[in-house]
Amino acid sequence: MSPNLEEILSRNIINMLLLIFWGAVLILSVLAFASYPGQGYIYILFTIISNLLLYFGFRNNAIFFDTFIGIFLWLGFWFKLSVRVVFADGVFHEAVGFFGGTGTAFDHALLVASCGLSGFLLASYVREKLSFNYSSKTEGVTQKGLFGFYKNYRKIIWIGFAALFLVVAVTNAYLGIYQRGSITRTILPFGLNGVYKWLLLFGLASVSALILRFEFAIKKQTYLPAMILVFLESLISNVSMLSRGMILNSGALIYGVLAALKPHAIKSSIRFFLVSGVIFAALFLGSVFGVNYLRSGSYVDDQHANQLQTAKKLQTAQNMTNPLFIDRWVGMEGVMAVSSYPYLGWDLWKNALEESYNENETSFYDNNLIESPYIDTDKSAHHFISLPGIIAFFFYPGSFIFLFVSMFSLGAAAALFEAFVFRLGGRNLILCALIAQVIAFRFASFGYVPKQSYLLFGTILLNVIIIFIGDKFLSRFYKNTDTDQTL
């Protein structure tokens, strides 16, 4: 099959999928409009802003943060609300506090959500006009040191990387260093718990981004074994954390590869992405069900766990999986709870900002704004919290102006962060996609111990600086690296 014909087929497939997607959005919008209990024009406004934010994330001059914040907020707000209004009579799976379910309450919540989404939308537009954009120019590999080292020791690096993520995952699972919903069972010396958390969350995935970049540069085309290695790291790390979020890092890396094809002249094929997609889907679904199965036994007391038969565990895992793809995305419930809370104000905002991390306690949001399902859990063994999301959190003062300005400012700050990663991280689009996803997901899931956000952003900075310094150091030994190969 010639490249031209394959390109035409790819374009036709993408156009067909887009037509199906936006057709489904239109149908769901009409159904939700007909069932919406409040003023129809408010739902229409909310729908336009939500879908514009999603659309802006895929325009020509979008950066990766635009893409991921658009996806996460679209899923957490518009998609979740529309599905719940059409198929569940406006009843939500998560707690919504004082929210009364009246048309007026829905209208107020949608106006708050629309205000916050508009802040991100404006930040994206201003960034495009005044600041950072990715160049469409083909770039050679700029990381001469790291690239030269990788070419010379490629097989050893693959073996070492596989050994590293296996050791990290196995020891994490055995020692209980960092697992979602569980109390830390082992405190390591020299701050090594933090190192484990960094590696599991995005440190190992950053190595995956470098491997993909260099492999594609060496071969001048996409390379399936490299993608499989990346998927295995994500699968094993997430199972080790009892996390169902394999789709996050893996999806970001896949999107980074897609974005890098044209500007860096990487040859690929429909077959590569079809096979990669099938492998990824199988591993992701397996990880979700597997983690739910493990949780069904580990998130109950030991006596109960011993009595829980395998068949019952499987049924429990299925029950945990069914609502996952709609309800796991943070957003609408938090805004519904906060917008209807009768004691909004700057004192509430101040108290929320002062929240401190405590593994043996639920969150400020759980304790004050909703009837949390986690209040009566065994806090000596498990750490469960609810999250309001970034738009709900910044509406604690009850000010629309403060909410809009805050979302605009955070959107601008995220763009600056991405520009920093691009320039200091070797102009690696795949790495930029990964880090942008990490930031966007943190924003979407915001609300617990907000003053400790510096730890995440500080770790991201350190992550990129390590890559930068490593490249500069190794470039002393690989000054003559051939950089005509492009990614």
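Nothing fancy with the numbering, it's 1 onward along the sequence. A quick note: this is a predicted structure, and the numbers were derived from the prediction, not measured.
A donor-acceptor contact closer than 3.5 angstrom links the side chains of Thr184 and Glu359. A donor-acceptor contact closer than 3.5 angstrom is absent between the side chains of Ser363 and Tyr374. Side-chain N/O atoms of Asn238 and Arg244 include no donor and acceptor closer than 3.5 Å. No side-chain donor-acceptor contact under 3.5 Å links Trp198 and Tyr178. With hydrogens and angles left out, the side-chain atoms of Tyr150 and Glu215 include a donor and acceptor closer than 3.5 Å. Side-chain contact annotation: Asn249 with Gln437, donor-acceptor N/O pair under 3.5 Å present. Neither side chain, Arg127 nor Asn61, offers a donor N or O lying under 3.5 Å from an acceptor on the other. A side-chain donor-acceptor contact under 3.5 Å links Ser124 and Asp66.
Distance check: Phe149 CZ to Asp471 CG gives 12.0 Å after rounding to the nearest 0.5 Å. Summarising the geometry, atom CG belonging to Leu410 is positioned 9.5 Å from atom OG belonging to Ser453; distances are rounded to the nearest 0.5 Å. Rounded to the nearest 0.5 Å, atoms OG (Ser409) and CZ (Phe120) are 10.0 Å apart. Note that the CG atom of Asn172 and the CG atom of Leu199 stand 10.0 Å from one another [nearest 0.5 Å]. The line from CG of Leu248 to CG of Leu253 is 11.0 Å long, rounded to the nearest 0.5 Å. Atom CG of Leu53 is separated from atom CD1 of Ile49 by 9.5 Å, given to the nearest 0.5 angstrom.
Within 6.0 Å of the OH atom in Tyr55, the count of heavy atoms belonging to other residues, nucleotides or ligands does not exceed 12. By the 6.0 Å contact criterion, NZ on Lys472 is open, its count of non-hydrogen atoms from other residues, nucleotides or ligands being 12 or less. Annotation for Tyr174: atom OH does not count as buried by contact number, only 12 or fewer foreign heavy atoms lying within 6.0 Å.
Ring geometry for Phe443 versus Phe457: interplanar angle of 30 to 60°, hence tilted.
Only one option out of Phe72, Phe68, Phe202 pairs with Phe441 in a ring-ring contact (aromatic ring centres under 6.0 Å, His included); it is Phe72. None of His93, Arg84, Lys80 except one satisfies the side chain to side chain donor-acceptor pair (under 3.5 Å) rule with Glu333; the exception is Lys80. Paired with Leu117 under the rule side chain to side chain contact (heavy atoms under 4.5 Å, CB included), one option of Leu122, Leu73, Ile69 passes, and it is Leu73. Test Ser276, Ser268, Ser269 against Thr222 for side chain to side chain donor-acceptor pair (under 3.5 Å) and you get one pass: Ser268.
Geometric assessment of Lys144 against the ring of Phe147 yields a negative cation-pi assignment under the 6.0 Å and 45° thresholds.
Counting heavy atoms from C-beta on, the side chains of Val168 and Leu164 come closer than 4.5 Å. For the pair Met241 and Tyr196, the minimum side-chain heavy-atom distance is 4.5 Å or more. Counting only heavy atoms from C-beta outward, the side chains of Tyr357 and His383 approach each other to under 4.5 Å. Proximity of Leu54 to Phe21: side-chain heavy atoms (C-beta onward) are separated by under 4.5 Å at one or more points. Met246 has its side chain within reach of Leu283: a pair of non-hydrogen atoms, C-beta onward, lies under 4.5 Å apart. You'll find the side chain of Glu94 stays beyond 4.5 Å of the side chain of Pro373, heavy atoms only. Here the side chains of Phe79 and Trp329 are not in contact, with every heavy-atom distance at 4.5 Å or above. Phe446 has its side chain out of reach of Val330: every pair of non-hydrogen atoms, C-beta onward, lies at least 4.5 Å apart.
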Side chain to side chain contact (heavy atoms under 4.5 Å, CB included) assessment of Phe77 paired with Val335: CA-CA 9 Å; Phe77 283 92; Val335 166; 3.5 Å; yes
Verdict with reasoning, Leu294 to Val239, per side chain to side chain contact (heavy atoms under 4.5 Å, CB included): CA-CA 9 Å; Leu294 293 173; Val239 172; 4.1 Å; yes
Apply ring pair (Phe, Tyr, Trp, His ring centres under 6.0 Å) to the pair Phe272 and Tyr223, showing each step before the final yes or no. CA-CA 8 Å; Phe272 168 81; Tyr223 185 50; 9.1 Å; no
Worked verdict on Leu235 versus Phe284 for side chain to side chain contact (heavy atoms under 4.5 Å, CB included): CA-CA 7 Å; Leu235 169 70; Phe284 170 61; over 6 Å; no
Side chain to side chain contact (heavy atoms under 4.5 Å, CB included) for Phe216 and Gln221? Distances and angles first, verdict last. CA-CA 5 Å; Phe216 297 165; Gln221 63 182 4; over 6 Å; no
Working for ring pair (Phe, Tyr, Trp, His ring centres under 6.0 Å), residues Trp74 and Phe56: CA-CA 12 Å; Trp74 184 86; Phe56 260 44; over 10 Å; no
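Side-chain atoms of Asn193 come within 3.5 Å of backbone atoms of Leu188 as a donor-acceptor pair (strictly under, hydrogens ignored). Side-chain N or O atoms of Arg213 include none that pairs as donor or acceptor with a backbone N or O of Ser208 at under 3.5 Å. Between the Gln143 side chain and the Gly148 main chain, no donor and acceptor come within less than 3.5 Å of each other. Listed for the Ser250 side chain is no donor-acceptor partner under 3.5 Å among the backbone atoms of Ile247. Side chain of Thr67 to main chain of Gly57: a donor-acceptor pair is present (N/O by atom type, distance under 3.5 Å, no hydrogens or angles). Between the Gln179 side chain and the Ser240 main chain, a donor and an acceptor come within less than 3.5 Å of each other. A donor-acceptor pair under 3.5 Å is absent between the side-chain atoms of Ser475 and the main chain of Gly145, judged by distance alone.
For the pair Ser182 and Leu242, the tightest heavy-atom approach, listed with the atom from each and the gap, is OG-CD1, 4.4 Å. Closest heavy-atom contact between Tyr134 and Ala62: CD1-O, 4.3 Å. Closest approach of Thr142 to Gly426, counting heavy atoms only: OG1-O, 3.0 Å. Here the closest non-hydrogen pair linking Arg442 and Tyr448 is NH2-O, 4.0 Å. In this structure, Ala260 and Leu429 approach most closely via the heavy-atom pair CA-CD1, 3.8 Å. Heavy atoms only, all atoms of each residue included: Pro388 and Ser386 are closest at CD-O, 4.2 Å.
With ring centers used as reference points, Phe165 lies under 6.0 Å from Phe161. Separation of the Trp158 and Phe214 ring centroids does not fall under the 6.0 Å cut-off. Aromatic pair Phe417/Phe65: ring centres not closer than 6.0 Å.
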